[in-house]
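Working notes, structure below.
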Amino acid sequence: MKNIVQMKCTAIIVATLIISLLSFGCGKQKEQTQTGAEPTAKQYDVIRVATPTDVVQTIDYYVGDELGFFAQEGIKIEFVGVVPAPQLVAAVVAGKIDVGGAHVGRTIAGISAGAKIKAVSAHLETRPDNPHMVYVTKADSPIKTAQDLIGKKIGISNQGGCHEYTPYAYLEKHGITDPKSKVQFTLLPQTSMEQALRQGDIDVAGFHRNPDQIGTAGEFRVLFSDYDVWGDIGGGAPAYFSEKFIKEKPDVVRRFVTAMAKIHNWANANPQKAADITAKRANVAQGTVRPVYYAPDAIIKEETVTMWIDLLQRFGEIKDYIRPDQIYTNEFNPHK
């Protein structure tokens, strides 16, 4: 009888122990799930950018996101919606987006007007076969020289910057003084430019496209490009952050610039692949996105910044003296 009682007690103790162990295990699993003690996904620093529009050329953000160059640097790019080009500087200053990319001339004008931003990463570099901007006429147009432009209407997408000042500099280069008074500008979206040219509403149209992306074969003729004016120092649209962001998150800026340098060098080595990635991400037809050439290592050229400062001062857009180091820095670039 005593043995039977001892066996029953032993069975009860064993059963209690098993239940306790099972309960402990379940409780620990539940605790891990609730507290995140189990391995978690890598945490990224989010950088908000404007969603690209009118995608006709390679977009470095799409390439970097697709190939993991940003992820390698612990960064996640977040596309937050369309921001019109004239509002980019204000959006960065207000903190609505973290990084902008207005043309270097617009960046300079914004800083001169008091915007607390600074460019940290270069963008496109002009090549003879891959210009930043081209200005075209109809194939049978009588306009063939800079002198022929006097009194004519030029269609552009935005006032100021490369759109407006490239024609001024082209006229100056060919000995025409006071170019502002010599031509008229008509503001049009790029999507309407070709038809306006066909209809005779404008005499010349300015595009951020390669000639083979404009019209049908033989329909238009290139009058000049930004490469004809400045060679490879015309510059593109450097990426800039607010001074506040740079001060508070210098390491994030450094990793962003490192990623941009990797993206640009990869895209220069694989131009068509970069264009195809962009087409896929933008959901546009393959072949409609033109390859581009980026500034190697994403290094900003001082001569580009200096040239645009001089140009904007010469035409009265900026009044006060401003130094190149107020506009940009390469301090966050690993290749400086």
Side-chain angles (χ1 to χ4, degrees), residues 47-57 59-61 77-124 126 132-135 153-169 179-180 183-193 196 202 204-209 226 234-245 282 292 300 304-305 307-309 311-320 322 326-328:
I47 291 182
R48 299 165 300 162
V49 302
T51 303
T53 59
D54 190 26
V55 178
V56 296
Q57 65 182 28
I59 303 296
D60 43 14
Y61 292 145
I77 293 295
E78 181 179 312
F79 298 99
V80 298
V82 175
V83 179
Q87 298 174 23
L88 281 169
V89 170
V92 169
V93 172
K96 294 181 179 178
I97 59 175
D98 297 315
V99 60
H103 184 269
V104 62
R106 296 302 83 208
T107 306
I108 292 167
I111 292 172
S112 177
K116 302 299 183 183
I117 60 173
K118 184 161 281 191
V120 297
S121 171
H123 191 233
L124 302 183
T126 293
H132 177 64
M133 286 205 74
V134 294
Y135 292 79
K153 292 180 181 179
I154 302 176
I156 57 176
S157 300
N158 289 298
Q159 203 79 31
C162 52
H163 300 261
E164 179 179 357
Y165 287 102
T166 303
Y168 291 160
K180 272 193 172 185
V183 293
Q184 304 173 49
F185 288 109
T186 299
L187 292 179
L188 293 168
Q190 293 235 348
T191 52
S192 303
M193 204 80 73
I202 55 177
V204 176
F207 289 95
H208 280 107
R209 297 180 180 177
D226 64 309
Y240 53 80
F241 289 88
S242 69
E243 291 184 358
K244 180 176 183 291
F245 190 104
V292 298
I300 299 173
T304 296
V305 178
M307 183 274 290
W308 276 97
I309 289 174
L311 186 67
L312 296 181
Q313 287 177 334
R314 190 160 70 249
F315 284 98
E317 182 164 349
I318 59 176
K319 306 294 184 183
D320 299 327
I322 192 166
Q326 292 174 267
I327 306 302
Y328 83 100

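Residues passing the side-chain contact (heavy atoms from CB on, under 4.5 Å) test with A91 are V83, K96, I97, sequence neighbours excluded. Taking Y165 as the reference, E317 meet the side-chain hydrogen bond (donor to acceptor under 3.5 Å, both in side chains) condition, with sequence neighbours excluded. Here A122 pairs with A295, I300 under the side-chain contact (heavy atoms from CB on, under 4.5 Å) rule; sequence neighbours left out. K244 is linked by a salt bridge (Lys or Arg N to Asp or Glu O under 4.0 Å) to E248, counting only residues two or more places apart in sequence or in another chain. By the side-chain contact (heavy atoms from CB on, under 4.5 Å) test, V49 is found to be paired with I47, Y61, I77, F79, V99, residues two or more places apart in sequence or in another chain being considered. Applying the side-chain hydrogen bond (donor to acceptor under 3.5 Å, both in side chains) criterion to Q57, with sequence neighbours excluded, gives R290. Every ring pair (Phe, Tyr, Trp, His ring centres under 6.0 Å) that H103 has, sequence neighbours left out, goes to H132, W308. With sequence neighbours excluded, the residues forming a side-chain hydrogen bond (donor to acceptor under 3.5 Å, both in side chains) with D98 are R48, listed by chain and number. Shown here are the ring pair (Phe, Tyr, Trp, His ring centres under 6.0 Å) partners of F241, two or more places apart in sequence or in another chain: F245, F256. When the side-chain contact (heavy atoms from CB on, under 4.5 Å) test is applied to E243, the partners found at least two apart in sequence or on another chain are K116. Scanning for side-chain hydrogen bond (donor to acceptor under 3.5 Å, both in side chains) contacts around T126 gives D226, with sequence neighbours left out.
Listed by first then second residue, pairs satisfying ring pair (Phe, Tyr, Trp, His ring centres under 6.0 Å) with a partner in residues 82-102 number zero, not counting sequence neighbours.
Here the shortest heavy-atom pairing between I59 and P52 reads CG2-CG, 3.8 Å. Closest heavy-atom contact between G236 and P238: O-CD, 3.4 Å. Nearest heavy-atom pair, A50 versus L88, reported as atom, atom and distance to 0.1 Å: CB-CD2, 4.1 Å. Closest of all the heavy-atom pairs between I318 and A109 is CG2-CA, 4.2 Å. Contact between Y240 and A102 at its shortest, heavy atoms only, is CE2-N, 3.2 Å.
H163 and H208 have perpendicular rings, their planes meeting at more than 60° on a 0 to 90° scale where under 30° would count as parallel.
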Could you walk me through whether T53 and T51 pass side chain to side chain contact (heavy atoms under 4.5 Å, CB included), step by step? CA-CA 7 Å; T53 59; T51 303; 5.8 Å; no

Just do the side chain to side chain contact (heavy atoms under 4.5 Å, CB included) check on Y168 and V183 with the steps written out, would you? CA-CA 9 Å; Y168 291 160; V183 293; 4.2 Å; yes

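With rounding to the nearest 0.5 angstrom, the OH atom of Y135 is 7.5 Å from the CD1 atom of I154. T304 OG1 to I309 CD1: the interatomic distance, rounded to the nearest 0.5 Å, is 11.0 Å. In this structure, CD1 in I108 is found 10.0 Å from CD1 in I117, a value given to the nearest 0.5 Å. L312 CG to S112 OG: the interatomic distance, rounded to the nearest 0.5 Å, is 8.5 Å. Between F185 atom CZ and E164 atom CD the span is 5.0 Å, to the nearest 0.5 Å. Taking CG from N158 and CD from Q190, the interatomic distance works out to 8.5 Å, rounded to the nearest 0.5 Å.
Counting only heavy atoms from C-beta outward, the side chains of I156 and L188 never approach each other to under 4.5 Å. A 4.5 Å side-chain heavy-atom check between S242 and V93 finds every atom pair outside the cut-off. The side-chain heavy atoms of M193 and S157, taken from C-beta on, include a pair separated by under 4.5 Å.
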